[in-house]
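A short write-up of the structure that comes next.
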Amino acid sequence: MSRYSATEIEAKWQEAWHKAGIFTANHKAGKPKYYVLEMFPYPSGRIHMGHVRNYTMGDVIARHKLATGHNVLHPMGWDAFGMPAENAAMAIGGHPKDWTYGNIADMRGQMKPLGLSIDWSREFATCDPEYYGQQQALFLDMLEAGLVYRKNAVVNWDPVDMTVLANEQVENGRGWRSGALVERRELTQWFFKISDYSEELLDALDTLENWPAKVRLMQENWIGKSRGLQFGFERTDGGAPITVYTTRPDTLLGASFVGISPDHPIAKQLEAENPEVAEFVAECRKGGTTEEAIETAEKLGYDTGIRVKHPLDPNWELPVWIANFILMDYGTGAIFACPAHDQRDLDFCRKYGLPVVDTFFALDDDTPVDKIAFVPPKTEKVRWVNHFAGLTEATGDEAIDATVDFAEKAGWGEGVTKYRLRDWGLSRQRYWGCPIPVVHCDACGVVPEKKENLPVRLPDDVTFDKPGNPLDRHPTWRDCACPNCGAPAKRETDTMDTFVDSSWYFARFTAPRAETPTDLAEAEYWMNVDQYIGGIEHAILHLLYSRFFARAMNITGHLPKKAIEPFDALFTQGMVTHEIYYTTRPGRMSEVEKISEIDSLKEPVRVYQYPEDVERRDDGVFLKSTGEPVKVIPSAKMSKSKKNVVDPVNIISAFGADTARWFVLSDSPPERDVEWTASGAEAAYKHLNRVWNLCDKIGAMDPNATGEGDEALLREMHKTIRDVTLGVESFGFNAAIAKLYAFTNTLAKSKAGAAAQKQAIKTLAQLMSPMTPHLAEDIWAHQGGEGLVAVAPWPVADETMLVDDTVTLPIQINGKRRAEISVAKDLAKDEVEKIALSTEAVQKALDGAAPKKVIVVPGRIVNVVV
RNA sequence: GCGGGCGUGAUGGAAUGGUAGACAUAUCGGACUUAAAAUCCGAAGGCCUUAGUGCCGUGUGGGUUCGAGUCCCACCGCCCGCACCA
C-alpha cells in the first residue's frame with residue numbers, strides 16, 4: 001500500500017498542468033467565456049491564510065468552469081504601489097522598488113505551490129512602468145474629457161515633520177513619528193469628478209443582482225442621496241444671505257441658531273479680520289481629517305456676532321455660530337440647528353445655553369426634550385406644534401414634502417437633491433505611486449504631458465532619510481520642458497492614490513501587454529468579470545471607484561458600453577482568524593506609581609506568542625520553551641502584531657496545499673470568518689489520507705468482484721453530484737465539503753462490487769478536484785481516468801437516481817413532531833392523510849374527536865391540528 | 001456620531017417557513033497493539049430520584065403562522081467600515 005505524499009504528487013501534477021497549458025486563457029471556438037477574478041494582493045512579502053482562502057475560492061470556481069466547458073480567464077497581478085514600501089525604505093533602508101519586486105518574487109514563489117489554475121502569462125504589477133504609463137495615458141484622456149480637475153482640499157498636516165500624513169499615520173490625533181498634534185491644512189489637489197455620476201452610480205445598483213445586498217446598501221448609503229430645502233438667511237447687517245441646506249425643513253420653527261463650518265467663506269473672512277476668530281478656527285482645525293474624528297470631537301462653537309432673520313418671521317433673529325462639527329464638504333457648509341430633533345445640535349445648544357424648541361411630539365407623549373433629542377423615524381406619525389404649513393398630525397416625510405411645497409410657493413426656498421458622495425481626491429504627496437503626468441509652466445499654467453513622452457517614470461535615485469516626498473527634493477527630476485511652449489517648467493510631484501491603480505486592473509488583464517490601456521477587441525470578448533471575489537473591506541471605495549472608472553473608460557473609448565458595470569457577480573469572503581496567545585510580564589511604572597511607589601499599580605504588559613510556540617495540555621495552555629502559563633483570547637483577524645498568524649508556507653510543507661485548500665473551505669460559510677485551528681488542519685489532512693487509502697483499496701479489488709448495495713451506492717453518488725455541484729455553484733463550499741465527507745463515509749462502508757466502487761471513487765475525485773486538485777488528479781490517474789481530471793467533463797447527476805421510492809414523513813401534532821410514517825413517494829395526499837390519522841400518536845391526541853385541520857405537504861411533513 | 005453586519009451544543013457550523021444540531025473538531029467508550037501512535041467501530045444538546053419517542057431548548061421579550069433558527073417589532077451583547085491603509 002502506498003502512502004499519501006502531498007509534496008510528491010503536488011509537484012508532479014503542477015508540472016503536468018503546466019506542460020499541458022490548460023490554464024492559459026485563449027479564445028477557443030464554440031465555448032462560452034468565463035472571467036473569474038480575485039482581488040489582487042498587495043505584495044507585503046508573505047502570503048497569509050486570507051490570501052489562501054480568497055484564491056482557493058476563486059480557483060474552485062475557475063476549475064469548475066473549466067470542467068463545464070468554458071474558456072476561463074483567471075489572472076493574477078500585484079497591487080504594488082503604496083506606503084509600506086516607503087515605510088520599509090525609511091525603517092530598514094533600501095529602495096521601495098527593490099523591496100516591492102523582491103516581495104513579489106517571494107510571494108509568487110509562495111503562491112505557486114498552491115496549485116492555482118492561474119494564467120501566469122498575464123501577470124503584471126501596478127508599479128511596472130508598462131502599467132502605470134498606460135494609467136497616465138488614461139489620466140490624460142480623462143483630463144481631456146473633463147473628468148479631472150484641481151481644487152483645494154484638506155489633508156492631515158504634521159507641523160513638526162512638515163509633511164502630509166495619511167489617516168493611518170495619525171494616532172489619537174498625533175503624527176505617528178513626531179507625536180505632534182495633527183492639524184488640518186488645505187492643499188491644491190487633483191480630483192476625479194465622481195460626484196457627477198452620483199445619480200447613475202446609485203441607480204445602476206439595482207442592476208447588480210448578483211452582488212450581496214449588503215454591499216449595494218453600503219454603496220447606497222455612501223452615495224447618500226437626500227432631498228431637502230435650500231434657502232437663504234438674510235443678514236441683519238446687510239451682508240450677503242447665508243445659504244443653508246437642510247433635510248429637515250419641517251422643523252424650521254425649532255431653529256436655535258445658524259451654524260457655519262470653520263472652513264466656510266464667512267468664517268475665513270472673519271479669521272483674517274479677527275484674531276479671536278483665528279484662534280478659534282485654528283482650534284477647530286486640530287485633529288485628523290476623518291469623518292469619525294470630526295463627528296466625535298468635542299463640540300466647539302464661537303458666536304460670530306452676526307445675526308440673521310428667520311425666513312418665517314422677520315422679527316425673529318438668530319445668531320450665527322461657527323461650529324466645528326459642520327463639514328464644508330457637505331451641502332453648503334452652513335446649517336440651521338434644530339436642537340429638539342438632532343442630538344448633535346442639542347448637545348451644542350446645552351453647552352452654549354441656546355434655546356431648545358420642540359416642533360413636534362409623539363402622539364401619546366408631550367414631554368419636552370431635555371437631554372435626548374426626539375428623533376423618530378420619518379415614517380412615524382407625530383403631532384405638530386403650530387406648524388406653519390398647517391399640519392397637525394403627519395409623518396416626517398409628509399411634513400418635509402409640505403414644507404418644501406410651502407417654501408417654493410412662497411418663493412423663499414427651493415427643493416434640492418444632494419449627495420453625500422464627494423469627488424475623489426487622487427493626489428498623494430508621496431514617491432511610491434504613479435506620477436501624475438502634468439507639468440507646471442510659468443507661462444502656460446498646468447499643462448498635460450504629451451502622450452509620446454509617457455511613461456513619466458519615477459526616478460530611481462531618491463532618498464528616504466527625511467520625511468516628505470522625495471520627488472519634491474530631487475535635484476533634477478522635476479525639471480522639464482513645457483509640453484506647450486517648450487520653456488523650462490516643473491513636473492507635478494504628487495503621485496496618484498493607489499486606488500487608481502486598482503480601479504482598472506481588471507480591464508488590463510484582458511490585454512496586459514497592449515500598447516494602449518486596453519485592446520477593445522479583447523475587452524469586448526472577456527469583459528465583464530463574471531465572478532469577482534474579495535474582502536468586504538472593499539465594499540465601498542474600491543468597488544465604487546472601479547464602477548466610476550469603467551464609465552470613464554467607456555467615455556474615453558477604452559471599454560465597451562457593456563462594461564460600465566464591470567463586475568457581473570460579486571462575492572465578499574470572510575477573514576481567517578486565530579486565537580491570540582500571550583504571557584504577561586510586569587509593565588513599566590505608570591505616572592501615578594512613580595509618585596506613590598505602590599507596586600500593585602504596575603500594569604502587566606502582554607507579550608504575544610506565536611501559535612507554534614505554545615502547547616495545549618489537559619490543564620491549560622503553556623509556553624513550550626519555559627512552561628509559563630499562556631492566556632488565550634478569542635479568535636481575531638490574523639495580525640503580525642498579535643502574532644496570531646499561521647504561515648501558509650509552513651502548512652503547505654507540513655501537510656501539502658490540498659490540505660490547506662480543503663481546510664480553508666471546509667469549516668465556515670465562505671462569507672463568514674473562519675477560525676484556523678491546528679486540529680482542523682490535521683483533520684483535513686487525515687481525511688485526504690483516508691480518501692487516498694480508499695483509492696488504494698478499491699484499486700486493489702478484483703475488477704470482476706461483485707457485492708451488495710451497488711444501487712444504493714450509486715444513488716448516493718448521484719445525490720452527492722447534485723449537492724456538490726449546487727454547493728460549488730452557489731458559494732456553499734462548506735456544505736459541499738460536508739457532503740463529500742458523508743459520501744466518503746458511505747463509500748468506505750460500502751460492500752458494493754468493484755465496478756460500482758470504482759465509479760464512485762472516480763466521481764469522488766472529480767467532485768473533489770476543484771478543492772483538492774492534486775489529490776484528485778492522482779486518484780483519477782490511479783483509477784485509469786482518461787487525461788487530466790482538471791479538464792474531464794464535470795459529472796452530471798442522473799435525475800432518475802435522485803428520488804427514493806419511499807419517503808419518511810414526520811407527523812406533527814399542533815406543530816410538534818410526534819411520530820413518523822413511511823410511505824411511497826407519490827402517494828396521494830388524502831391517502832397520506834388517512835395513514836397519518838391512523839397512527840397511534842394521532843389517535844391518542846384526538847381521543848375520538850375529529851381533527852380541526854390537517855396540513856399535508858407532500859414529501860415533507862404532515863401536521864394535525866387538534 | 002453615522003453606516004453595515006453577526007448571535008444555534010464544549011467548539012466551527014448544517015437546516016427552499018416543515019424531523020434543529022448534517023459534517024467536522026474536542027471529549028468519552030470499545031477494537032487492534034506488549035505498549036503508544038496511527039487506523040477502525042460506537043456514544044454524546046440540557047433536564048428528571050417517573051428515563052418517557054416525557055419536558056425544555058437556536059442571545060432576551062413580544063408578534064405573524066397549522067408550523068419560526070428562518071418573517072416582523074423592541075431590547076441586549078459582540079464585530080467591522082467611515083473617503084490619504086491596502
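Excluded from the calculations below are hydrogen atoms, water molecules and symmetry mates; all remaining heavy atoms, backbone and side chain alike, are included. Order of the sequence lines sets the chain letters (A, B, ...), proteins ahead of strands, with each chain counted from 1. These numbers were taken from a predicted model, which means no experiment stands behind them.
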Map every base of RNA chain B to its dot-bracket character, where paired means a Watson-Crick or G-U wobble contact with both distances under 3.5 Å and | marks a partner outside the strand.
(((((((..(((.....[....))).(((((.......))))).((((...).)))..(((((..]....))))))))))))....
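- Using a 4.0 Å heavy-atom distance criterion, A:Lys299 is classed as making no nucleic acid contact.
- Distance CH2 (A:Trp662) to C1' (B:rC23): 10 Å, rounded to an integer number of Å.
- Comparing B:rC23, B:rC66, B:rG12 against the side chain of A:Lys853 picks out B:rC66 as the nearest.
- Of the candidate nucleotides B:rU16, B:rG13, B:rU39, B:rG13 has the atom nearest to the side chain of A:Arg672.
- Whole-Å rounding puts the A:Glu682 CD to B:rU11 P distance at 21 Å.
- Across the P atoms, B:rC72 and B:rG5 are found 12 Å apart, a figure rounded to whole Å.
- In this structure, the side chain of A:Arg661 engages the main chain of A:Met771 through a donor-acceptor pair within 3.5 Å.
- Relative orientation of the A:His542 and A:Tyr505 rings is tilted, given thresholds of 30° and 60° on the angle between their planes.
- Here the side chain of A:Arg817 is nearest to one of B:rA24, B:rG4, B:rU19, namely B:rU19.
- At B:rA22, none of the side-chain N or O atoms of A:Asn734 fall inside 4.0 Å of OP1 or OP2 (strictly under the cut-off).
- Across B:rG29 and B:rA38, the matching P atoms stand 16 Å from one another, rounded to whole Å.
- As judged by a 4.0 angstrom heavy-atom cut-off over every strand, A:Lys686 is placed among residues touching the sugar-phosphate backbone only.
- Surrounding NZ of A:Lys852 are at most 12 heavy atoms belonging to other residues, nucleotides or ligands under 6.0 Å away.
- Not one N or O on the side chain of A:Asn221 forms a donor-acceptor pair closer than 3.5 Å with the backbone of A:Gly224.
- The one candidate from A:Trp504, A:Phe40, A:Trp78 that meets the ring-ring contact (aromatic ring centres under 6.0 Å, His included) condition with A:Tyr131 is A:Trp504.
- The base of B:rU19 has none of its N or O atoms less than 3.5 Å from a complementary donor or acceptor on the side chain of A:Arg818.
- Atom name C1', nucleotides B:rA14 and B:rA22: the rounded distance is 5 Å, in whole Å.
- Figure legend: A:Lys151 and A:Phe191 shown as a cation-pi pair, the cationic atom lying under 6.0 angstrom from the six-membered ring centre and within 45 degrees of its axis.
- Ring orientation note: the planes of A:Trp424 and A:Phe548 are nearly perpendicular, at an angle over 60° on the 30°/60° scale.
- When rounded to the nearest whole Å, the span between CG of A:Asp345 and P of B:rC2 equals 12 Å.
- Nearest nucleotide to the side chain of A:Gln812, out of B:rA22, B:rC41, B:rG18: B:rG18.
- Applying the 4.0 Å criterion to OP1 and OP2 of B:rG42, one finds that A:Lys749 has a side-chain N or O inside that range.
- Side chain of A:Asp79 to main chain of A:Pro41: no donor-acceptor pair is present (N/O by atom type, distance under 3.5 Å, no hydrogens or angles).
- One C1' atom belongs to B:rC76, the other to B:rC28, and the distance between them is 36 Å to the nearest Å.
- Straight-line distance from the OH atom of A:Tyr4 to the C1' atom of B:rU39: 18 Å, rounded to whole Å.
- For the C1' atoms, the distance linking B:rA43 with B:rA36 amounts to 24 Å, nearest Å.
- Using a 4.0 Å heavy-atom distance criterion, A:Val857 is classed as a base contact.
- B:rU8 and B:rC71 are spaced 15 Å apart, taking the P atom of each and rounding to whole Å.
- By the 6.0 Å and 45° rule, A:Arg420 stacks over the aromatic ring of A:Trp222.
- Atoms CD (A:Glu671) and C1' (B:rG4) sit 15 Å apart, rounded to a whole Å.
- Using cut-offs of 30° and 60° for the angle between ring planes, the A:Phe81 and A:Tyr132 rings count as tilted.
- RNA chain B is contacted by both A:Arg690 and A:Gly680; A:Gly680 maps to the nucleotide lying nearer its 5′ end (nearest heavy atom per residue).
- If you take atom P in B:rG45 and the same atom in B:rC40, they sit 23 Å apart, rounded to whole Å.
- Following rounding to the nearest Å, A:Lys829 (NZ) and B:rG18 (C1') show an atom-to-atom distance of 13 Å.
- Mapping A:Ile737 and A:Asn863 onto RNA chain B via the closest heavy atom, the residue that lands nearer the 5' end is A:Ile737.
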How would nucleotides 75-86 of chain B be written as a contact map, 5' to 3', with B for base contact, S for sugar-phosphate-only contact and - for no contact, using protein heavy atoms under 4.0 Å?
-------BBBSB
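- A:Leu217 comes within contact range of the sugar-phosphate backbone alone, with a heavy-atom separation under 4.0 Å but no base atom that close.
- Annotated as syn: B:rG9, whose glycosidic dihedral is within 90° of 0.
- Separating the CD1 atom of A:Ile855 from the P atom of B:rU65 is a distance of 13 Å, rounded to the nearest angstrom.
- Using a 4.0 Å heavy-atom criterion, one finds that A:Ala735 contacts no nucleic acid atom at all.
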Steps toward salt bridge (charged side-chain N to carboxylate O under 4.0 Å, His left out) verdict (A:Asp497, A:Arg428):
CA-CA 6 Å; A:Asp497 178 4; A:Arg428 296 293 181 271; 3.1 Å; yes
Decide yes or no on salt bridge (charged side-chain N to carboxylate O under 4.0 Å, His left out) for A:Glu298 and A:Lys351, but give the supporting numbers first.
CA-CA 10 Å; A:Glu298 203 203 330; A:Lys351 178 169 176 180; 2.7 Å; yes
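- Taking the C1' atom of each, B:rC23 and B:rG13 are spaced 9 Å apart, rounded to whole Å.
- Per the geometry, CZ belonging to A:Phe348 stands 18 Å off P belonging to B:rG1, to the nearest Å.
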